[in-house]
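Here the structure is laid out as structure tokens; the discussion comes afterwards.
These numbers come from the heavy atoms of this one structure, side chains and all, not from hydrogens, waters or symmetry mates. All values derive from a computational prediction rather than experimental measurement.
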Amino acid sequence: MTELVHLDTADGVATITLDSEHNRNALSRQLVTELIGHLDTAVADDAAKVVVLRSAHRVFCSGADLSEAATTDPTEGARAMVGLQRQIATAPKPVVVVLGGPVRAGGLGIVGAADVVLAAESVNFALTEVRLAVAPAIISLTLLERFSSRTAADLFLTGRKFSAAEAVAAGLVTRAVPDEELETALADLLADLAQGYPQGFRETKLLLNHDLVARIDTLGEDVAAQSARLFASDEAREAIMAFLSRPKG
């Protein structure tokens, strides 16, 4: 199979790149498995002080792979997504997400778990689960640590698009910059992070993510079961099939 996620390490930075253009980096089993594996490798590599996660193409992530969700048992995938968020949050190195294009549904869980998130100002987000008769169950583990309860209710229940500026105000994104300045902003951030020490990073992340990790450990199995149940329901399967059969514009 063609690799959907790539890892390159240079100058103290492990860059993990999502490269599944055919489905806009949907969270297929293959993509999630490769992402988890590359994160493990990056964390174990002493040559990498920082991990950067980004997309090779315009869309960062389109959410769950609905083609798989419509035809396979969702239990394994749900548990993998819980584990992926925990892996990012507990990594002893800073994990930086760079967004140059849209993020949908499950992809926001990766954003929510990251330590620093840079976004181009043109980026937009949406939590579209309710429009498919499911819920943002798994990604609530990280997003409810970022959003206020009012913001979560608005974005979870409406499924509407929201901008990078609104994502900053909501606590999801660290900084939004003009599109043409995204790479410069990343270079500046990496220059600052290069001055940190591994012990400092490790111990600081323990402080920063204590509550988030505790939430994952307490609720992870329950929300994975909820997600699997919802995706397997007749209502969700009907909604997903209707979505997949829509003309693609």
Item to complete: Could you walk me through whether Leu155 and Phe125 pass side chain to side chain contact (heavy atoms under 4.5 Å, CB included), step by step?
Response: CA-CA 10 Å; Leu155 300 178; Phe125 306 80; over 6 Å; no
Item to complete: Please step through side chain to side chain contact (heavy atoms under 4.5 Å, CB included) for the pair His38 and Glu3, ending with a clear verdict.
Response: CA-CA 11 Å; His38 285 318; Glu3 185 181 63; 3.2 Å; yes
Practice prompt. Dump the intermediate steps for side chain to side chain contact (heavy atoms under 4.5 Å, CB included) on Ile88 and Ile110, then the final yes or no.
Written response: CA-CA 8 Å; Ile88 294 170; Ile110 296 172; 4.1 Å; yes
Item to complete: Before giving the answer on salt bridge (Lys or Arg N to Asp or Glu O under 4.0 Å), spell out for Glu183 and Arg54 the whole-Å C-alpha distance, their side-chain angles and the decisive distance to 0.1 Å.
Response: CA-CA 12 Å; Glu183 297 306 319; Arg54 63 187 314 169; 2.5 Å; yes
Worksheet item: Between Asn25 and Phe60, does a side chain to side chain contact (heavy atoms under 4.5 Å, CB included) hold up when you go through it step by step?
Response: CA-CA 7 Å; Asn25 291 331; Phe60 177 76; 5.7 Å; no
Practice prompt. Verify side chain to side chain donor-acceptor pair (under 3.5 Å) between Gln87 and Asp40, making sure each step is shown before the conclusion.
Written response: CA-CA 8 Å; Gln87 182 184 23; Asp40 278 339; 2.9 Å; yes
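In plain terms, the two heavy atoms of Glu235 and Ala133 that are nearest each other are CG-CB, 3.7 Å.
Here the side chain of Ser55 pairs a donor or acceptor atom with the backbone of Val59 at under 3.5 angstrom. The main-chain N or O of Ala137 is never found under 3.5 Å from a side-chain atom of Gln226 such that the two would form a donor-acceptor pair. The closest donor-acceptor contact from the side chain of Lys205 to the backbone of Thr90 lies at 3.5 Å or more, if one exists at all. In this structure a side-chain-to-backbone donor-acceptor pair under 3.5 Å is present from Ser62 to Arg24. One N or O on the side chain of Lys49 and one on the backbone of Gly196 form a donor-acceptor pair closer than 3.5 Å. Of the possible donor and acceptor atoms, one in the side chain of Thr174 sits under 3.5 Å from a partner among the backbone N and O of Val117. With Arg146 contributing its side chain and Gly112 its backbone, the two residues share a donor-acceptor pair below 3.5 Å. A donor-acceptor contact shorter than 3.5 Å is absent between the side chain of Glu145 and the backbone of Leu141. At least one donor-acceptor pair closer than 3.5 Å links the side chain of Ser245 to the backbone N or O of Ala242. A donor-acceptor distance shorter than 3.5 angstrom exists from the side chain of Ser163 to the backbone of Glu166, with no hydrogens or angles considered.
For the side-chain contact (heavy atoms from CB on, under 4.5 Å) test with Val97, the passing option among Ile16, Leu53, Val52 is Leu53; the others fail.
Leu31 places none of its side-chain heavy atoms less than 4.5 Å from the side chain of Thr33. Within the 4.5 Å cutoff, the side chain of Asp188 has no heavy atoms near those of the Asp192 side chain. Residues Phe231 and Leu132 are not in side-chain contact: their nearest non-hydrogen atoms beyond the backbone lie 4.5 Å or more apart. Looking only at side-chain heavy atoms (C-beta outward), Val98 and Leu186 come within less than 4.5 Å of each other. Residues Val50 and Lys93 have side chains not in contact (no heavy-atom distance under 4.5 Å, counting atoms from C-beta outward). Side-chain contact between Glu129 and Ile139 is present, with heavy atoms from C-beta onward closer than 4.5 Å.
For the 3.5 Å distance criterion, the side chains of Ser20 and Asn23 qualify, holding a donor opposite an acceptor. For the residue pair Asp19 and Thr17, no side-chain donor N or O sits within less than 3.5 Å of a side-chain acceptor on the partner. Donor-acceptor pairing under 3.5 Å is lacking for the side chains of Glu68 and Ser28. In this model, no donor atom of one side chain and acceptor atom of the other lie less than 3.5 Å apart for Asp8 and Thr15.
Under a 4.0 Å N-O distance rule, the pair Asp154/Arg160 qualifies as a salt bridge. With salt bridges taken as basic N to acidic carboxylate O contacts below 4.0 Å, none links Arg58 and Glu21. Here Arg86 pairs with Asp217 in a salt bridge; the nearest charged N to carboxylate O distance falls below 4.0 Å. In summary, Arg175 and Glu181 do not engage in a salt bridge, as defined by a charged side-chain N under 4.0 Å from a carboxylate O.
The number of heavy-atom neighbours closer than 6.0 Å to CG of Asp234, taken from other residues, nucleotides and ligands shown, is 12 or below. Remark: Asp45 CG is packed, more than 12 non-hydrogen atoms of other residues, nucleotides or ligands lying under 6.0 Å away. Within 6.0 Å of atom NE2 in His210, 12 or fewer heavy atoms from other residues, nucleotides or ligands are found, so the atom counts as exposed in its surroundings. Within a 6.0 Å sphere centred on CD of Gln199, other residues, nucleotides and ligands contribute 12 heavy atoms or fewer. Around the CD atom of Glu203, the shell of radius 6.0 Å holds more than 12 heavy atoms that belong to other residues, nucleotides or ligands.
Taking the six-membered ring where tryptophan is involved, the planes of Phe162 and Phe147 are perpendicular, since the angle between them exceeds 60° and thus also 30°.
Between the CG atom in Leu27 and the CG atom in Asp65 there is a gap of 8.0 Å [rounded to 0.5 Å].
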